[in-house]
J.: 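There's a structure below that I have some questions on.
For ligands, and for the atoms within them, numbers begin at 1 and follow the listed sequence.
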Amino acid sequence: MQTGAGFFGSSIGKKIVMAVTGIMLVGFVVAHMVGNLQLYLPAHDGEPALDAYGHFLRTFLHGGGIWIARASLLAAVGLHIWAAAGLTRMNLAARPIGYREQQYQASTFGSRFMRWSGGILFIFIIYHLLHLTLGTVHPVFEHGKVFHNVVAGFQVPWVSAFYIIAMLCLASHLHHGIWSMLQTLGLSHPRYNGLRQGLATVVTAVVVLGNVSFPIAVLTGFVR
Ligand code: HEM
């Protein structure tokens, strides 16, 4: 008997789940990076722009907005991992013995690194929540003082280094993810390969350069 039959049990069903949840997650990382650019804005009436932004997020829709966003993100991450695990199992089942000697021809480093970069990002997200949302692994966390928490957090060199390494994994994951997502959504004609490549590169560069700039700005004393 076939388990997990039906549309979501099929390889195309799982690829569509990966693509749709991938779009949600790309939308989140773009919006999150743009929101965090407020680290560079001047304070208003003594309140850093980032603190006002954090306050807005926490009180939006009487405090319900952030929980809707959290629930959607959690569902997207859960489904994304579920579909990835299902596709991996299908690939393994299709070739139970494995190759004696792997010779990669058409695949890129980013595509072979997807499971590793995804796993490292998962660990990063857990650490990041404990660091800047809950403050449990932060040396001097103050609830609601987002600017202070980010600056004091990145003043610890190994923490900044970990963020930068995680962002390199994000670069690899995002680039290959956007490329594959556009293929699943139908942009797979050779005529569109340049466009897919360009879109994946621009979105990845904007998100990752923006994110990497934050720890660097703090470590160099540009933001203090
Ligand atoms: C250097 C880059 C980043 C900085 C400076 C940063 C900063 C922050 C800050 C300050 C918060 C807490 C906001 C608050 O309490 O008001 C936060 C929350 C969060 N960040 Fe980041 N972030 C970065 C990268 C990322 C990345 C790459 C991801 C995902 C892959 C991510 C996912 C999240 C999530 C899920 C939350 C929790 C939102 C919530 O439930 O309240 N962040 N981030």
Side-chain angles (χ1 to χ4, degrees), residues 21-41 47-61 63-78 80-81 84 114 116-178 203-220 222-224:
T21 53
I23 293 176
M24 290 171 67
L25 297 171
V26 172
F28 169 76
V29 287
V30 171
H32 192 45
M33 190 284 289
V34 172
N36 285 338
L37 286 175
Q38 295 177 73
L39 183 72
Y40 299 122
L41 292 185
E47 187 185 37
L50 206 55
D51 291 15
Y53 173 60
H55 179 77
F56 162 75
L57 291 181
R58 279 189 298 275
T59 52
F60 181 58
L61 293 180
I66 196 163
W67 286 103
I68 295 172
R70 283 170 175 162
S72 315
L73 271 179
L74 198 64
V77 169
H80 201 72
I81 296 174
M114 271 326 247
W116 274 101
S117 55
I120 295 168
L121 282 175
F122 186 76
I123 295 168
F124 163 78
I125 292 170
I126 305 281
Y127 174 79
H128 182 50
L129 292 179
L130 296 175
H131 185 226
L132 289 178
T133 300
L134 297 170
T136 39
V137 297
H138 193 288
V140 285
F141 188 80
E142 283 183 58
H143 189 74
K145 304 260 184 227
V146 186
F147 180 84
H148 158 85
N149 294 337
V150 170
V151 172
F154 288 153
Q155 273 167 352
V156 182
W158 74 262
V159 171
S160 278
F162 176 55
Y163 268 78
I164 292 171
I165 292 168
M167 290 312 109
L168 298 181
C169 289
L170 180 65
S172 169
H173 202 84
L174 210 51
H175 189 269
H176 180 71
I178 295 172
V203 175
T204 302
V206 167
V207 169
V208 171
L209 290 177
N211 278 348
V212 165
S213 79
F214 305 131
I216 291 179
V218 171
L219 282 181
T220 54
F222 179 68
V223 171
R224 63 175 99 202

J.: Name the orientation class of the two ring planes belonging to F222 and Y40 (parallel below 30°, tilted from 30 to 60°, perpendicular beyond 60°).
T.: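 Answer is tilted, since the angle falls between 30° and 60°.
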J.: Can you pull out the closest protein heavy atom to atom 1 (C) of ligand 1? Residue, atom name and distance to 0.1 Å, please.
T.: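 Heavy-atom neighbour on the protein nearest atom 1 (C) of ligand 1: N211 O, 3.2 Å.
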J.: Tell me the nearest of H128, H131, M33 to atom 43 (N) of ligand 1, using heavy-atom distances.
T.: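 Ranked by closest heavy atom to atom 43 (N) of ligand 1, first place is H128.
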J.: Identify the protein heavy atom lying closest to atom 32 (C) of ligand 1, giving its residue, its atom name and the separation to 0.1 Å.
T.: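 Of the protein heavy atoms, F28 CE2, 3.4 Å lies nearest.
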J.: When you measure from the side chain of N149 to the backbone N and O of E142, does any donor-acceptor pair fall under 3.5 Å?
T.: yes
J.: Out of curiosity, is Y53 lining ligand 1, as in a heavy atom under 4.0 Å away?
T.: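 Distance cut 4.0 Å: Y53 fails for ligand 1.
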J.: With heavy-atom distances below 4.0 Å as the criterion, list the atoms of ligand 1 near M167.
T.: 27 (C)
J.: Strictly under 6.0 Å, is that where the ring centroids of F162 and H131 end up?
T.: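 Centroid separation for F162 and H131: 6.0 Å or greater.
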J.: Please classify the I66 to ligand 1 contact at 4.0 Å (heavy-atom distances, strictly less than): side chain, backbone, both or neither.
T.: side chain
J.: So, do W67 and L61 sit near enough that their side-chain heavy atoms are less than 4.5 Å apart?
T.: no
J.: Do the ring planes of F141 and H138 sit parallel (below 30°), tilted (30 to 60°) or perpendicular (above 60°)?
T.: perpendicular
J.: Taking side chain as C-beta onward, heavy atoms only, is V159 less than 4.5 Å from Y127?
T.: yes
J.: With a 4.0 Å cut-off on heavy atoms, is L57 touching ligand 1?
T.: no
J.: So for L121, does at least one of its heavy atoms come nearer than 4.0 angstrom to any atom of ligand 1?
T.: no
J.: From atom 38 (C) of ligand 1, work out which of L50, T133, V77 has a heavy atom at the shortest distance.
T.: T133
J.: Are V206 and V30 packed together at the side-chain level, in the sense that at least one heavy-atom pair is separated by less than 4.5 angstrom?
T.: no
J.: Is there a heavy atom in H55 that sits closer than 4.0 Å to ligand 1?
T.: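 The answer is no: ligand 1 sits nowhere under 4.0 Å from a heavy atom of H55.
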J.: So which protein heavy atom does atom 26 (C) of ligand 1 come closest to, and at what separation?
T.: F124 CE2, 3.7 Å
J.: Show the nearest heavy-atom pair for residues H128 and Y163, with the distance to one decimal.
T.: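 That closest heavy-atom pairing would be ND1-OH, 2.6 Å.
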J.: Sub-3.5 Å donor-acceptor pair from the side chain of D51 to the main-chain atoms of V146, do we have one?
T.: yes
J.: In the protein, what heavy atom is nearest to atom 37 (C) of ligand 1, and what distance, to one decimal place, separates them?
T.: L129 CD2, 3.4 Å
J.: Between S117 and H173, is the side chain to side chain donor-acceptor pair (under 3.5 Å) condition met? List the steps.
T.: CA-CA 6 Å; S117 55; H173 202 84; 2.9 Å; yes
J.: Checking a contact table here: which protein heavy atom is nearest atom 39 (C) of ligand 1, and how many Å away?
T.: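 Ranked first by proximity to atom 39 (C) of ligand 1 is R70 NE, 3.2 Å.
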J.: Which of the numbered atoms in ligand 1 are under 4.0 angstrom from any heavy atom belonging to V150?
T.: 10 (C)
J.: Of all the non-hydrogen atoms in the protein, which one sits nearest to atom 11 (C) of ligand 1, and at what distance?
T.: L132 CB, 4.1 Å
J.: Measure from the side-chain N and O atoms of S172 to the backbone N and O of C169, and report whether any donor-acceptor pair falls under 3.5 Å.
T.: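 Pair absent, no side-chain N/O of S172 close to backbone of C169.
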J.: Which protein heavy atom lies closest to atom 3 (C) of ligand 1, and at what distance to 0.1 Å?
T.: N36 ND2, 3.9 Å
J.: Please identify which atoms of ligand 1 are closer than 4.0 Å to at least one heavy atom of V146.
T.: 10 (C), 16 (O)
J.: Considering only the protein, which heavy-atom contact is closest to atom 15 (O) of ligand 1, and what is its distance?
T.: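 Result for atom 15 (O) of ligand 1: R58 NH1, 3.7 Å.
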